[in-house]
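Below, chain A is the first sequence line, B the second, and so on; all start at residue 1. Atom set for the values below is all heavy atoms of this structure, side chains included, hydrogens, waters and symmetry mates excluded. Quantities reported herein were computed from a predicted structural model and do not represent experimental measurements.
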Amino acid sequence: MPLISPEEYENLTPVQAIELQQQLRKEIRIEPLLKPIQTIAGADISFNKYEETVYAGIIVLSFPPLQEVAKATVISKTSFPYIPGLLSFREIPSLLKAWGQLEVKPDLMVLDGQGIAHPRRMGIATHFGLVTDTPAMGCAKSLLTGKFEALPETAGSASLIYDQEEVIGAALRTKNKVNPVFISPGHRITLEQSLAIIKQCISGYRIPDPTRKAHLLVNLVRTQNMGDKRSTQLDLF
DNA sequence: GCGACAG
DNA sequence: ATCTTGTCGC
């Protein structure tokens, strides 16, 4: 609904960003997926510390096979700093550019961060799902807000994340004796469906395939780009 | 006032 | 998030 151009996100102040989150919050729809998904995508950002250049990427996989079917990467700039609770304002602009270049739009997006497991229920997955009107869920490596009961050490076990009395997500052990990942629905999907689907995306690593492949993709683009710059600079001498 | 705090 | 080598454990 909020048709804001990628550039406009950059100029928001933290206070304005929070106001936008409170406005967007009214549009969140945590409801069942309408149909079984055939494709699932991972999205991530990579960057060098202290630099404004960000490398964003989205990779679409077939589901359940998890074979790559499409991908898009973009190199852009960000001036919005990382502020806990406002991550989406830093990462969404570049992700939207990659989204626009995607030849195949996925049935479900998996973002590296929270969905509704957020102080204002507006994690990056929820925000992205809303602005693209696409089912989206969050898969984070650490918790932003909420509490959960300790869960068994065995892979597959999960424990609900609560904010007071409200269930906002689940901690999921994807591998034996390894820290859990934090799953939460973002938009147009339920927590139960998010969990069921992400469990089918685990292939031996802590991080589920969509997010893991997206992370590898953007890191590759970043390091390759670093190598290019270095060689062109050296060529000047 | 103090602690917590996605990437 | 990124910078980094080896190292402890399944």
Side-chain angles (χ1 to χ4, degrees), chain A residues 9-10 14 17-18 21 24-25 28 42-58 73 75-96 98 109-130 136-148 152-155 161-164 168-187 191 194 198 204-208 210-212 214-227 229-230:
Chain A
Y9 279 96
E10 292 294 299
I18 290 174
Q21 288 185 324
L24 280 172
R25 179 176 186 170
I28 304 173
D44 196 17
I45 297 288
S46 180
F47 59 90
N48 290 312
K49 199 175 182 179
Y50 306 129
E51 291 181 10
E52 294 200 330
T53 301
V54 295
Y55 306 80
I58 298 176
T73 58
I75 300 178
S76 60
K77 304 272 189 183
T78 311
S79 57
F80 203 97
Y82 166 66
I83 299 173
L86 300 181
L87 173 67
S88 60
F89 294 90
R90 172 175 169 74
E91 304 199 344
I92 279 188
S94 50
L95 286 178
L96 285 179
M109 283 290 293
V110 180
L111 282 290
D112 196 0
Q114 320 293 340
I116 62 170
H118 178 284
R120 294 170 293 282
R121 306 294 176 267
M122 282 295 300
I124 188 171
T126 302
H127 197 147
F128 190 91
L130 280 170
M137 59 172 283
C139 177
K141 295 178 292 300
S142 62
L143 203 58
L144 172 61
T145 190
K147 301 197 176 302
F148 66 98
E153 298 283 273
T154 58
I161 300 171
Y162 290 88
D163 182 346
Q164 307 292 46
I168 57 176
L172 171 68
R173 189 90 65 187
T174 55
K175 200 171 189 294
N176 290 317
K177 302 179 180 178
V178 162
N179 290 332
V181 291
F182 304 88
I183 305 301
S184 60
H187 184 54
L191 169 60
S194 298
I198 210 66
Y205 302 93
R206 177 167 88 115
I207 307 302
T211 299
R212 182 169 184 276
H215 191 262
L216 292 173
L217 173 64
V218 295
N219 260 321
L220 186 61
V221 173
R222 178 175 62 88
T223 55
Q224 284 182 338
N225 191 262
M226 290 172 74
K229 280 187 175 175
R230 187 199 308 165

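Rounding to whole angstrom units, CG of residue A:Leu111 and P of C:dA1 are separated by 14 Å. The distance between atom CE of A:Met226 and atom C1' of C:dT4, rounded to the nearest whole Å, is 13 Å.
Although no hydrogens or angles enter the test, the distance criterion places no donor-acceptor pair under 3.5 Å between the side chain of A:Thr145 and the main chain of A:His118. Remark: side-chain polar atoms of A:Gln21 are paired, donor with acceptor, to backbone N or O of A:Gly85 under 3.5 angstrom. When atom types are taken as modelled, the side chain of A:Gln114 and the backbone of A:Met122 share no donor-acceptor pair closer than 3.5 angstrom. Side chain of A:Asp163 to main chain of A:Gly146: no donor-acceptor pair is present (N/O by atom type, distance under 3.5 Å, no hydrogens or angles).
One finds no side-chain N or O of A:Asn219 lying less than 4.0 angstrom from the OP1 or OP2 phosphate oxygen of C:dA1.
The two residues A:Ala43 and A:Leu95 make their nearest non-hydrogen contact at CB-CD2, 4.1 Å. Between A:Asn219 and A:Ser46 the shortest heavy-atom distance is OD1-OG, 3.0 Å. In this structure, A:Ser184 and A:Ile116 approach most closely via the heavy-atom pair OG-N, 3.6 Å. Of all heavy-atom pairs spanning A:Phe148 and A:Ala171, the tightest one is CD1-CB, 3.7 Å.
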Taking N or O atoms only and anything under 3.5 Å, show me the protein contacts with nucleotides 5-10 of chain C, one pair per line.
none

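Scanning for ring-ring contact (aromatic ring centres under 6.0 Å, His included) contacts around A:Phe89 gives A:Tyr9, A:Phe80, A:His127, with sequence neighbours left out. In this structure A:Lys141 satisfies the side chain to side chain contact (heavy atoms under 4.5 Å, CB included) test together with A:Asp112, A:Arg206, A:Ile207, sequence neighbours excluded.
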Sugar-phosphate means primed atoms, P, OP1 and OP2; the rest is base. With that split, encode nucleotides 1-7 of chain B 5' to 3' as B, S or - using protein heavy atoms under 4.0 Å.
----BBB
Should A:Arg222 and A:Asn225 be marked as a side-chain hydrogen bond (donor to acceptor under 3.5 Å, both in side chains) after you check the CA-CA gap, both sets of side-chain angles, and the distance that decides it?
CA-CA 5 Å; A:Arg222 178 175 62 88; A:Asn225 191 262; over 6 Å; no
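A:Val110 places none of its side-chain heavy atoms less than 4.5 Å from the side chain of A:Pro208. The shortest side-chain heavy-atom distance between A:Phe47 and A:Thr78 does not fall under the 4.5 Å cut-off.
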Let me check I have this right: for DNA chain C, each base becomes ., (, ), [, ] or |, based on Watson-Crick or G-U pairs with both distances under 3.5 Å. What is the full string?
..........
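Paired runs in DNA chain B never reach 3 or more consecutive Watson-Crick or G-U pairs with both distances under 3.5 Å.
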